[in-house]
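My questions all concern the structure below.
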Amino acid sequence: MMLSETWHDVEKYFKEKLSDSPEMDVILKVNEEAGLPSIDVSPNQGKLLHLLAKMKGAKNILEIGTLGGYSTIWLGHALPEDGKLVSLEFKEKHAEVARDNIKTAGLENKIEVIVGDALETLPVLKEKGYADFDFIFIDANKQDYEQYFKWSLECSKSGTVIIADNVVRNGKVIDAEDPRVQGIQRFIDVLANEPRIDATAIQTVGSKGYDGFALGIVK
Ligand code: SAH
Ligand code: DHB
Ligand code: MG
């Protein structure tokens, strides 16, 4: 059996044992049927984000890159009664699908999707009264991760957890021809040289192939 098949089987095993949620499965199906690309985080990764947000006791979450709201809703379900999540999405169509899913999940009072280029919506978050996030998930276009990280730091406080998806990309992170991989490398360099954060990266395998998360905590 191919190693990648094993990854899928093991993903399925842990998903069924530990991360199972028929409600979350419906969202993946809705997203697919709406024609969205299947680049949502995997079920086990969604549960991981959910647990990390809970471990942090996050009350004020920022997400950059909503797609159909799959990761958004995993994170939203980690919020306490008075918690809030803001998710930034470039494509109106993606945001519409996400808002429908958020409503189905009963999270419309806690989650707001803001449509626009995150490079434009991030700089005005603070003046709009959104700041001091305690948990930030970066998952939009890879070329701009460096900028997303810089703005994330601006909207952080001591103890803020910052997580970025897709930093391994099938191992390409150490061998950059692709502009998206170069974007990840610039982000990793900034992360490495930024004295305000303590960070690492973790490689993952599963139904989304071989990829990984970078994660850190603001000092
Ligand atoms: N977090 C989602 C997946 C996000 S996919 C999940 O795991 O369920 C990446 C998303 O980022 C796509 O919906 C894409 O439209 C969006 N995106 C790409 N460029 C963007 C930009 N400049 N600003 C905001 N969103 C952007
Ligand atoms: C892509 C984006 C993602 O956020 C992801 O998880 C996988 C792939 C992409 O743009 O190719
Ligand atoms: Mg991703």
Side-chain angles (χ1 to χ4, degrees), residues 36-37 39-41 49 52-53 56 58-76 78-79 82-99 102 107-167 178-199 201 213-219:
L36 268 48
I39 54 175
D40 337 66
V41 292
L49 291 171
L52 290 170
K56 169 65 195 165
K59 286 181 79 167
N60 195 11
I61 300 177
L62 170 65
E63 177 179 65
I64 307 170
T66 318
L67 190 68
Y70 182 71
S71 56
T72 321
I73 291 165
W74 270 117
L75 288 168
L79 288 168
D82 57 346
K84 293 272 181 236
L85 187 156
V86 182
S87 188
L88 310 180
E89 173 54 51
F90 182 60
K91 292 196 173 163
E92 181 63 50
K93 185 192 166 187
H94 294 183
E96 270 172 32
V97 174
R99 286 184 184 124
I102 289 162
L107 288 167
E108 68 271 30
N109 294 327
K110 290 183 182 174
I111 300 178
E112 185 180 349
V113 180
I114 298 178
V115 177
D117 183 342
L119 289 179
E120 285 167 21
T121 54
L122 273 169
V124 293
L125 273 185
K126 238 183 189 174
E127 58 202 58
K128 281 187 163 176
Y130 306 97
D132 287 347
F133 293 102
D134 43 29
F135 193 99
I136 301 176
F137 181 49
I138 301 173
D139 193 20
N141 61 316
K142 314 309 162 195
Q143 286 92 328
D144 292 322
Y145 266 34
E146 185 187 358
Q147 290 300 316
Y148 297 149
F149 176 64
K150 282 186 182 165
W151 283 109
S152 294
L153 270 182
E154 290 296 310
C155 299
S156 291
K157 54 190 173 184
S158 178
T160 299
V161 170
I162 302 178
I163 303 186
D165 193 23
N166 309 117
V167 302
D178 184 328
R180 289 172 302 183
V181 174
Q182 289 165 353
I184 297 294
Q185 289 183 337
R186 285 194 302 277
F187 160 62
I188 296 294
D189 284 341
V190 171
L191 197 59
N193 294 312
E194 171 55 64
R196 285 176 288 173
I197 194 161
D198 201 9
F213 291 113
L215 70 161
I217 183 159
V218 176
K219 290 182 195 164

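For the numbers below, each heavy atom of this structure counts, side chains included, while hydrogens, waters and symmetry mates do not. If you're wondering where the values come from, they're calculated on a predicted model, not measured in any experiment.
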Whether the side chain of Asp134 engages the backbone of Asn60 through a donor-acceptor N/O pair (distance < 3.5 Å, no angle test) should be reported.
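Judged by distance alone, yes, a pair lies under 3.5 Å.
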
In chain order, what residues pass the side-chain contact (heavy atoms from CB on, under 4.5 Å) check against Ala140, with sequence neighbours excluded?
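Partners of Ala140 under the side-chain contact (heavy atoms from CB on, under 4.5 Å) test: Ile64, Tyr148.
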
Considering all heavy atoms, the nearest Ala78-Ala53 contact
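So the minimum-distance heavy-atom pair works out to CB-CB, 3.8 Å.
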
Please report the interatomic distance CD1(Ile217) to CD1(Ile163), rounded to the nearest 0.5 Å.
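Going from CD1 on Ile217 over to CD1 on Ile163, the span is 10.5 Å.
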
4.5 Å side-chain heavy-atom contact, Leu36 and Lys93:
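Leu36 reaches Lys93 side chain to side chain.
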
Glu89 side, atom CD; Thr121 side, atom OG1 - distance, nearest 0.5 Å:
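Spacing of CD (Glu89) from OG1 (Thr121) equals 10.0 Å.
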
Would you say Lys84's side chain and Asn109's backbone share a donor-acceptor pair under 3.5 angstrom?
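Between the backbone of Asn109 and the side chain of Lys84 there is a qualifying donor-acceptor contact (under 3.5 Å).
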
Quick check: do His94 and Pro37 have side-chain heavy atoms less than 4.5 Å from each other?
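A side-chain contact under 4.5 Å exists here.
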
Checking side chain to side chain contact (heavy atoms under 4.5 Å, CB included) for the pair Glu96/Val113: CA distance, chi angles, key distance, verdict?
CA-CA 9 Å; Glu96 270 172 32; Val113 180; over 6 Å; no

Nearest heavy-atom pair of Phe137 and Leu75: which atoms, and what distance?
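Heavy-atom minimum between the residues: CB-CD1, 4.1 Å.
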
Which salt bridge (charged side-chain N to carboxylate O under 4.0 Å, His left out) pairs, counting each pair once, include a residue from residues 138-151, with sequence neighbours left out?
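Residue pairs with at least one partner in residues 138-151: Asp139-Lys142, Glu146-Lys150, Glu146-Arg186.
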
Can you name the nearest heavy-atom pair linking Ser156 to Ser152, along with the distance?
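So the two residues come closest at OG-O, 2.7 Å.
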
If you take all heavy atoms of Pro123 and Ala118, which pair is closest and at what distance?
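In terms of heavy atoms, the two residues are closest at CD-O, 3.9 Å.
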
Sole candidate of Ile136, Leu79, Thr72, Ile111 that passes side chain to side chain contact (heavy atoms under 4.5 Å, CB included) when paired with Ile61:
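Result: among Ile136, Leu79, Thr72, Ile111, Leu79 is the only option passing the side chain to side chain contact (heavy atoms under 4.5 Å, CB included) with Ile61.
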
Does Val190 reach the side chain of Tyr145, with side-chain heavy atoms less than 4.5 Å apart?
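The answer is no; the side chains never approach within 4.5 Å.
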
Starting at CG of Leu88, measure out to CD of Glu112 and round the result to the nearest 0.5 Å.
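One finds 9.5 Å between CG of Leu88 and CD of Glu112.
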
Between CG of Asp178 and CD of Gln143, what distance do you get to the nearest 0.5 Å?
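Taking CG in Asp178 and CD in Gln143, the distance rounds to 7.5 Å.
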
Locate the shortest heavy-atom distance separating Phe135 from Leu52; write the atom from each residue and the value.
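Smallest heavy-atom distance, with atoms named: CE1-C, 3.7 Å.
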
Atom NZ of residue position Lys56 - does it have more than 12 heavy atoms of other residues, nucleotides or ligands inside 6.0 Å?
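Enclosed: over 12 neighbouring heavy atoms sit under 6.0 Å from NZ of Lys56.
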
Leu125/Trp151 under side chain to side chain contact (heavy atoms under 4.5 Å, CB included): CA gap, chis, key distance, verdict:
CA-CA 10 Å; Leu125 273 185; Trp151 283 109; over 6 Å; no

In terms of side-chain geometry, is the basic nitrogen of Asp198 or Lys219 positioned less than 4.0 Å from the acidic oxygen of its partner?
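A salt bridge is absent here (no side-chain N lies under 4.0 Å from a carboxylate O).
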
Let me confirm one number: the CD1-CZ distance from Ile162 to Phe133, rounded to the nearest 0.5 Å.
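Ile162 CD1 to Phe133 CZ: 11.5 Å, rounded to 0.5 Å.
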
Quick one: CD on Glu154 to CG on Leu122, what's the gap to the nearest 0.5 Å?
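The distance works out to 10.5 Å.
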
Between Val167 and Phe213, is there a side-chain heavy-atom distance shorter than 4.5 Å?
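The answer is no, as the side chains (C-beta and beyond) never meet within the 4.5 Å cut-off.
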
Between Asn141 and Phe90, does the side chain to side chain contact (heavy atoms under 4.5 Å, CB included) criterion hold? Intermediate values first, please.
CA-CA 10 Å; Asn141 61 316; Phe90 182 60; over 6 Å; no

Exercise: identify the closest heavy-atom pair between Thr66 and Ala98:
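Thr66 and Ala98 have their closest heavy atoms at CG2-CB, 3.7 Å.
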
Which residues pass the side chain to side chain donor-acceptor pair (under 3.5 Å) test with Gln182, sequence neighbours left out?
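For Gln182 there are no side chain to side chain donor-acceptor pair (under 3.5 Å) partners, ignoring immediate neighbours.
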
